[in-house]
Amino acid sequence: MKTTNITIAGKQYPVQFDFQTLLNFEQITKKAFFETNFAMIVDRMAIIMAAVLTADEDSKLTVEMLKGKGDYDAVKEIIAAYTVVMELAGEYFQVPEVVKESEAKETEGQGNNDEQPKNA
């Protein structure tokens, strides 16, 4: 199992993603992992905590540490950590390259629409 580090408040924490991460997430949130779309920041924080606990069940990382001062720097750290965890999830679930390429093309088509609305 691959271990990667994330940085929260200047301190590094190991993260791993496997079946235990799924169990940790569901225990933390009381929600089904596969029914979660991770649009909410609290769900992203929960999957980060779950991955940290998978790597080190005695970790001292807390939700308060993740929240930091509640400023944009904390949000950037959460986004960066979430990205790392989801990359590990992709490896765990073995997302085929063709799916990754398709999702990348979809994302490209959604951005930068310079057209004006018809009734503008």
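A quick note: this is a predicted structure, and the numbers were derived from the prediction, not measured.
Residues passing the side-chain contact (heavy atoms from CB on, under 4.5 Å) test with Asp71 are Lys69, Asp73, Ala74, sequence neighbours excluded. Residues meeting the side-chain hydrogen bond (donor to acceptor under 3.5 Å, both in side chains) test with Thr54, sequence neighbours left out: Thr21, Asn24. Evaluation of the salt bridge (Lys or Arg N to Asp or Glu O under 4.0 Å) rule for Asp18 yields no partner, not counting sequence neighbours. For Tyr13, there are no ring pair (Phe, Tyr, Trp, His ring centres under 6.0 Å) partners, not counting sequence neighbours. For Gln12, the side-chain contact (heavy atoms from CB on, under 4.5 Å) partners are Asn5, Thr7, not counting sequence neighbours. The side-chain hydrogen bond (donor to acceptor under 3.5 Å, both in side chains) check on Gln16 picks up Thr3, with sequence neighbours excluded. Among residues two or more places apart in sequence or in another chain, the side-chain hydrogen bond (donor to acceptor under 3.5 Å, both in side chains) test is passed with Gln27 by none.
Taking the six-membered ring where the residue is Trp, Phe38 and Phe25 present tilted rings, their angle falling between 30° and 60°.
Here salt bridge (Lys or Arg N to Asp or Glu O under 4.0 Å) pairs that include residues 49-61, with residues two or more places apart or in two chains, number zero. Residues in residues 2-14 take part in these salt bridge (Lys or Arg N to Asp or Glu O under 4.0 Å) pairs, two or more places apart or across chains: Lys2-Glu91. Among pairs with a residue in residues 19-45, those fulfilling salt bridge (Lys or Arg N to Asp or Glu O under 4.0 Å) read Lys31-Asp43, at least two apart in sequence or across chains.
Cluster partners of Met1: none. The rule joins Ile, Leu, Val, Met, Phe, Trp and Tyr whenever side-chain heavy atoms lie under 4.5 Å apart, and it links nothing here.
Closest approach of Tyr92 and Phe19 over heavy atoms only: OH-N, 3.4 Å. Nearest heavy atoms, Leu61 versus Met49: O-CE, 3.2 Å. Nearest heavy atoms, Pro14 versus Ala55: O-CB, 3.4 Å.
For the atom pair CD1 (Ile47) and OG1 (Thr36), the distance works out to 8.5 Å, reported to the nearest 0.5 Å.
Note on Met65: it does not cluster hydrophobically with Val75, by side-chain heavy-atom contacts below 4.5 Å among ILVMFWY residues. Under the 4.5 Å side-chain heavy-atom criterion for ILVMFWY residues, no single connected hydrophobic cluster contains both Ile48 and Tyr72.
Looking at Glu77, its side chain never comes within 3.5 Å of a backbone N or O of Leu66 through a donor-acceptor pair.
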Side chains of residues 79-87: which donor-acceptor partners sit under 3.5 Å, not counting sequence neighbours?
| residue | atom | partner | partner atom | Å |
| --- | --- | --- | --- | --- |
| Thr83 | OG1 | Ile79 | O | 2.8 |

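Looking only at side-chain heavy atoms (C-beta outward), Thr4 and Phe17 stay at 4.5 Å or farther from each other.
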